[in-house]
There are 2 protein chains.
Amino acid sequence: MLKVLIDRYIRDGQPVGSRTLSRDAGLDLSPATIRNVMSDLEELGFITSPHTSAGRVPTVAGYRFFVDTLLNVKPLDAKSVEQLRSELGIELATSELLESATGLLSGVTALAGVVTLPRHEHALFSRVEFLPLSDNRVLGILVTSEGEVQNRMIMTERACSPAELQQASNYLNELFAGKDLSAVRGTLLNEMQEARSTMNRMMMTAMQMADQILEKNQSEDYIMAGQTNLMEFHELCDIDKLRNLFDAFNKKREILSLLDQCVHGDGIQIFIGEESGYQTLDECSMVTAPYQVDGQIVGVLGVIGPTRMAYDRVIPIVDATARLLGAALNQKE
Amino acid sequence: MLKVLIDRYIRDGQPVGSRTLSRDAGLDLSPATIRNVMSDLEELGFITSPHTSAGRVPTVAGYRFFVDTLLNVKPLDAKSVEQLRSELGIELATSELLESATGLLSGVTALAGVVTLPRHEHALFSRVEFLPLSDNRVLGILVTSEGEVQNRMIMTERACSPAELQQASNYLNELFAGKDLSAVRGTLLNEMQEARSTMNRMMMTAMQMADQILEKNQSEDYIMAGQTNLMEFHELCDIDKLRNLFDAFNKKREILSLLDQCVHGDGIQIFIGEESGYQTLDECSMVTAPYQVDGQIVGVLGVIGPTRMAYDRVIPIVDATARLLGAALNQKE
DNA sequence: ATTTAGCACTCTCGAATATAGAGTGCCAAT
DNA sequence: ATTGGCACTCTATATTCGAGAGTGCTAAAT
């Protein structure tokens, strides 16, 4: 049986032969029989032998078939979920929560954990405030309807009185409150061209900040933990591979595009080996699950490990963590 | 001469023998003479041979003597400094600036770059603002004299009117403006016990935020880049060592304590191999320089690499980067 | 007195060779 | 359909061996 072989290979990373399989597996079959079956499986493309006299190793197709049809994933039992929940730390602030979730994923699975920052799709302009700091330094603060805050130091060409600042923020707040941030940006740009107001420096900055929030929402980012766990696996122990992998983690682009694909497909998503399409991840698999706030998918989390990871154990963990993180974020709303 | 030997070893990481040295070095000496000198150097503890018939390799003491007395470090020429300056990107905001400096260090030296976050020693309470978001959600914003901003969502047990919020912030601002943050915390704590005011929830939160800023200032942190560069060096290519090293980078504690030592000694500071006192860094050296804002040391930056790094090249780079970063941060003030 | 050439010796590294063991495929028997 | 047997293949590991690099020492040379 393919399942037994893959189970075995996942357990100890060695090519597995007919002998071992007949001895240790529950099946009561002689090595010869198993050899026959294995040669069938090889013809189907589910396993290969690295060389003529070593056991067989699952191919990507083999893994795929394995996870798609052979694997029966039981959801995590209540006790484990509770354990996870307590380790996550519901009371934490958003950013710490994400850190904690990442660490949790990597800690529990002994793989690399990854969590994208949640994105707020429909951020509206809520208000802007200007606080005087010193003579010609003003602190600009922009708040969105999501409670996201962006602040920026503004150098003004001349000292502004608190009243002036108040006037400026009143003006902008009245004009833009409740509008979509992207609309704000457009309007502001027009406004600037039509009438050069006295407050232009500040309006300019407000626009820049709106711009930056928009950008921050669009450009996704992720945090990661436990990369070093991957060094334990001898199939990745080649320095070159490892370096490429870690570089990819730092560059983020490729990983992000994969995570992005995961946000669109719903539910658990699994990339096995070359399926990712990125060469650096050829020998890695990725198991991801989107997490939701307010019934809306706002991000993805998951783990990255070698293709021979213990899918049956990892999948429920990723799934549960996604739910828990979503729930925890919901409470913040 | 020790200098030539170390230069040579730094260049290509191979134990260097008398033959090579007499041929390639500028000295006009026969291998035999060099052998004599080398055996003297070995007795002095500056070099050792890994085994009887391999060349000699510098010891920690050797490196130490080398950098302390043999090395003449020329400050970077103006052109290179200018190049660095432009790559740093003066116009960036503080956090991006730090990122950029880290990346720059690692990029230019092909080692791992590290920069501690600047600490503001004397942060004073500047003002606090409460912005209503929805019914019983309030956004609290705390600003320090350094322009540092901290914001926090506050859930109130009942809806607060804008006027109430205004009143609360006015009260706190009047009470605390210009005071030291730690004093604010103390006073607030007292206040809370003496009279349970209507605004206590908000004051409590303001206190928490002050607390958090204080904590953030005390607990240092650093950012790092180019860790993967270290994988190029075969003396570190052992997976176990590499894993320990990367784990240490993630844990941060040990590295932080080293960086902390660097902030106290003034000027360039160099730890060679075991000098650090941490086993994971046995085969690494660290070259650091503090950076200043307003004439005051606020942080440290540097690089981490193998003991056989090109000190003569790295030291001026670290030095220059520290100055440039300081200068760039100064402009923000 | 310092430098040099010569020489015997040591030790590692790499290639080449041998050997054990795991696994296969196929055939004939059950 | 399953199984035992058997010859065959191929890798991984150990072993051997020689080349080369480097050393230390001694005696000669400057």
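FYI, side chains are in, hydrogens and waters are out, and symmetry mates aren't considered; it's all heavy atoms of this structure. Bear in mind the structure is a predicted one, so any value in this text is a computation, not a measurement. Numbers restart at 1 for each chain; the letters A, B, ... are given by sequence-line order, proteins then strands.
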| remark: Letter by letter from the 5' end, nucleotides 12-29 of chain C scores (B base, S sugar-phosphate only, - none; protein heavy atoms under 4.0 Å) S---------BBBBB---

Minimum heavy-atom distance [X]-[Y], with the two atoms named:
X        : Y        : value
A/Met309 : A/Ser285 : CE-O, 3.4 Å
A/Ser100 : A/Glu87  : OG-O, 3.7 Å
B/Val318 : B/Thr288 : CG1-C, 3.9 Å

| field | Plane angle bin for A/Phe65 and A/Phe46 - parallel if under 30°, tilted between 30 and 60°, otherwise perpendicular | value | parallel

| How many Å lie between CG on B/Asp40 and P on C/dT2, as a whole number? | 11 Å

| request: Starting from C1' on D/dG20, measure out to CD on B/Gln14 and report it in whole angstrom. | output: 14 Å

| Partner residues of A/Thr20 under the side-chain hydrogen bond (donor to acceptor under 3.5 Å, both in side chains) criterion, sequence neighbours left out |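 So A/Thr20 forms no side-chain hydrogen bond (donor to acceptor under 3.5 Å, both in side chains) with any residue.
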
| said: Please determine whether a side-chain nitrogen or oxygen atom of B/Ser30 lies at a distance below 4.0 Å from atom OP1 or OP2 of C/dT4. | reply: yes

